[in-house]
Amino acid sequence: MPRIQFGNWVEDAVDWLQSHLTWVFDVVQALLGGMYDGVDAVLGGGEPLLMIGILAVIAWWLRGLLSGAVAFVGLVLIDALGLWGDAMDTLSLVLVAAVITVVIAVPLGIWAARSKRVSAQLRPVLDVMQTMPAFIYLIPGVMFFGVGTTPGLLATIIFAMPPGVRMTELGIRQVDSELIEAAEAFGTSPRDTLTRVQLPLALPTIMAGVNQVIMLALSMVVIGGMAGAGGLGEQVYSAITQLKVGLAAESGTAVVILAMYLDRMTGALGERVSPLGRRAAAKTAAVAGRVRFAHYRPAGSVAVVGVVVLALIAGGMNLFGSERSEARPSANVGQGKQINIGYIPWDEGTATTYLWKELLEERGYKANVKQLDPGPLYSGVARGDIDFQTDAWLPTTHKAYWDKYGSQLEDLGSSYGPTSLELTVPSYVKGIDSLADLKGQGKRFGGKIIGIEASAGMMGTLNKDVLKAYGLEGEYKVVSSSTSSMLAELDRSIKKKEPVVVTLWSPHWAYGKYDLKKLKDPKGAWGKGERIHTVAHKGFSAKDPVVARWLKNFKLTEKQLTTLENEIRAAGEGHEQDGVQAWLKKNPGLADKLAPNPSGAKVQGKGAGKTVNMGYFPWDEAIAASYLWQNILEDRGYKPQLKQLDPGPLYSSLAQGQMDVQLDAWLPTTHKAYWDKYGSQLEDLGSWYGPTSLELTVPSYVKGIDSLADLKGQGKRFGGKIIGIEASAGMMGTLNKDVLKAYGLEGEYKVVSSSTSSMLAELDRSIKKKEPVVVTLWSPHWAYGKYDLKKLKDPKGAWGKGERIHTVAHKGFGKEFPEFSGWLKNFRMTEAQLASLEVAIQKGGAGNEKASARQWLDARPGLEDKLAPVS
């Protein structure tokens, strides 16, 4: 029988939905995410003890004083375990999912109760929803909505829906038919029959369904954690994947306490809202006798007043008591920008993730980390929900994920490698240095090699290839266990100084904790190692070039990585960042090496707060230098104001003190007239570039033409043309009158007058076609940064001497801005620096000059501190 390709059909349907209904998923995600964020902000917003008090008052109102006290103790225990924030995240998830489920389930249940046809059609759908493994719901959820709370909410809603529908239908169907007939006989409308007869009598059953909805929703916390929903589910999932018994016990206890609280409260709420429930509660209170005080429940108004008072106190403490011991950024590079980092719970992934969380927070970013399985992690990075992850094993281990999502990812390079698989012995085991040395030594090790999980790939390689290659079959038995058991056996043997051989791999924290020997593999039986890469979503480098550059340069040695892993293990679960901080203290200077501040420390200068009026005229080098200094001054706390003017008005306003400074005075020739007129009212702060020069230029691929003298006799090669600029430009007169004559080029070449933009367009066209061309240019000019060009030498000096570009300010500028004046006097730029800055601004386009200069500055760590040092 041919195989039915049902899975392929489903995948095609999902692909179609992703392509055509993206806007629907965006709306759903915004709606669910907004609801969750709102509830979470309320529950997690106040001080834990006051929020516990509010929840305890609610328990007191619903079930009595004893229940309130027990609830208070249980919730305090969650806070004492350090899981309050996670518990509130989980409670928010459950409440939002439960409300949405009830809003949908109750009307469906009513509809099914009143229509046998609807009931028959709903039953198989509910069966599928209830029996389908809940993990299945996460796959389309993650694909449609990415990682986060939304997939967890959707899976929870679908999984918890059936009991809500069924119990509502059951409750209404169980209402005595005679009561319904009596209502109808008195002329009651169907709507009133439903609301005044059926629903009140069915309410206990419906509330039991609501209780089941909440319990099922809470049972989904672990699955929600797998999709990045956070909360206690993430802690439970982390404990499961990393075999952390302590964390599993703590987070499991918190889930149990939360489950008991919700179960008891929803049960009591059912009694409060149901007439039958209130009657039963009254009977119970009547026979309570001596223990009546323990079951005393305040009136609703009293409970509301208590909750409101505690809520106001909690909100006030959250608003005014915000002095928390948060680490102050050492440099505010990120300016609060959020970076989302995902990680797989492998030791090196955890270590490098929390390392970058610490580094980014020190640099002023808000770093959010999320633990995920490889599939959801790669999907989240591809969608852009996660910015980057640092533990991609390529080209083999994660090949399937790279093949699927590679076109949506950026490979930022490897931070560690090559990885390796190996057999390892303690260093005190003498004479065993390679796999070959194990032969004939089986008795020494009890004939055992302590392995890990039988399903692990390295176990198959060990049994099939390594033992055979070195003739160890029969002499050694590979004992399958678990990674934790293998490490426990290694630790036990080292403490007793007993010989032991175990399976290990690099990188691994055990190499940092113990003195071990990796057994050499001269025959290469283990195969080639991989490299650990950092992978980001497509466009991350453009979105945050500073962080992308840090990650591209990120490298760790085996010793660094293993010692980092050990510091994190020593710090304990939940204190990973403390471990990172302790490790960085032991490695001074490493943080600055891994994440060098791209634009100085953004420390305040002595003139911080002062307004500086800077003028410029629209010449490329003036625009570049002015916007560069605007960024630097803002980093140092100044308030720079830029204004574009023509040379005449600019020099006049400088002389009058209306403008403070300009950076593009060409002296002694080009701006001689302005200097002669206003020089007595100005300060020359020195030149920052020079000498300038005029020149003829050819592309570098034009061979044999290196100087003006080489042009003679080559006219046909260039079509007899030299592409010039505006005929009125001074350099055009110098070219026609002096340069052509000095090198005997008259008659052979015609200087074509055009415009600067036309000349540049002809240069660009010729370069794209690899055609020979000679053009007029000058230095500095951004074309030298964009194209590979040759300035033709002028051995006869026909172009004359070059000028220098000066910084000029109003009289008294040095006294008004002593710090800034000092920076400008020492300001220098090379031709390569200026050309590359001009190119960056050209690429950024009009209106983005400041951002382009910012990006250029950030790409040169340490330059700002050099240009504007602050003592």
Side-chain angles (χ1 to χ4, degrees), residues 3-22 25 133 135-148 151 226-228 241 340-346 348-350 352-353 370-421 453 455-461 464-465 505-507 526-543 548 551-552 554:
R3 186 182 186 280
I4 299 175
Q5 301 296 326
F6 179 68
N8 293 340
W9 300 340
V10 172
E11 289 191 5
D12 291 341
V14 169
D15 290 340
W16 186 89
L17 290 171
Q18 283 182 308
S19 301
H20 296 83
L21 294 179
T22 304
F25 302 133
F135 295 94
I136 303 299
Y137 302 134
L138 286 184
I139 299 173
V142 170
M143 294 183 72
F144 292 144
F145 303 102
V147 296
M226 291 179 65
T241 54
N340 297 311
I341 316 171
Y343 71 100
I344 307 164
W346 297 353
E348 71 285 346
T350 303
T352 52
T353 298
K370 193 174 287 292
Q371 177 188 318
L372 296 163
D373 260 5
L377 176 56
Y378 274 89
S379 173
V381 175
R383 286 176 54 91
D385 301 326
I386 303 294
D387 288 308
F388 69 88
Q389 67 109 339
T390 59
D391 200 28
W393 285 58
L394 297 172
T396 306
T397 304
H398 289 168
K399 182 179 185 298
Y401 302 116
W402 187 262
D403 289 344
K404 184 171 185 179
Y405 299 109
S407 62
Q408 300 166 263
L409 303 175
E410 282 186 16
D411 183 358
L412 300 180
S414 69
S415 61
Y416 180 92
T419 61
S420 61
L421 305 176
E453 293 80 2
S455 59
M458 75 175 299
M459 292 290 282
T461 304
K464 294 176 183 176
D465 302 323
W505 53 93
S506 298
W526 281 114
K528 293 182 179 180
E530 296 183 84
R531 301 194 75 87
I532 302 177
H533 289 242
T534 301
V535 170
H537 65 73
K538 202 80 171 177
F540 178 73
S541 293
K543 172 185 169 185
L551 294 172
K552 287 175 182 177
F554 177 41

- Query: Got a donor-acceptor contact below 3.5 angstrom from the Asn340 side chain to the Asp387 backbone?
  - Reply: no
- In short, Pro418 meets Arg531 closest at the heavy-atom pair N-NH1, 3.5 Å
- Query: Aromatic rings Trp346 and Trp393: how do their planes relate, parallel, tilted or perpendicular, breaks at 30° and 60°?
  - Reply: perpendicular
- Can you check whether Gly539's main-chain N or O pairs, donor with acceptor, with Glu410's side chain at less than 3.5 Å? yes
- Without swapping roles, check the side chain of Thr461 against the backbone of Trp526 for a donor-acceptor pair under 3.5 Å. no
- To the nearest 0.5 Å, tell me how far Leu409 CG sits from Lys404 NZ. 12.0 Å
- Message: If I take atom CD from residue Glu348 and atom OG1 from residue Thr390, how far apart are they, to the nearest 0.5 angstrom?
- Response: 8.5 Å
- Task: Working to the nearest 0.5 Å, report the span between CE of Met459 and CG of Leu421.
- Result: 12.0 Å
- Heavy-atom distance under 4.5 Å between the side chains of Thr352 and Tyr416, does that happen here? no
- Query: Which atom pair, heavy atoms only, marks the closest approach of Ile386 to His537?
  - Reply: O-CD2, 3.6 Å
- Distance (rounded to the nearest 0.5 Å) between Leu412 CG and Gln389 CD: 10.5 Å
- Query: Would you say Val381 and Tyr405 make side-chain contact, with heavy atoms under 4.5 Å?
  - Reply: no
- Task: Kindly give the heavy-atom pair with the smallest separation between Ala392 and Val535, and that separation in Å.
- Result: CB-CG2, 3.6 Å
- Rounded to the nearest 0.5 angstrom, the OH-NZ distance for Tyr343 and Lys370 is 10.0 Å
- Query: Roughly how far apart are Asp391 CG and His533 NE2, rounded to 0.5 Å?
  - Reply: 11.5 Å
- Task: Take the angle between the ring planes of Tyr401 and Tyr378 and call it parallel below 30°, perpendicular above 60°, tilted in between.
- Result: parallel
- Message: side chain to side chain contact (heavy atoms under 4.5 Å, CB included), that's the test. Do Trp505 and Thr419 meet it? Break it down for me.
- Response: CA-CA 7 Å; Trp505 53 93; Thr419 61; over 6 Å; no
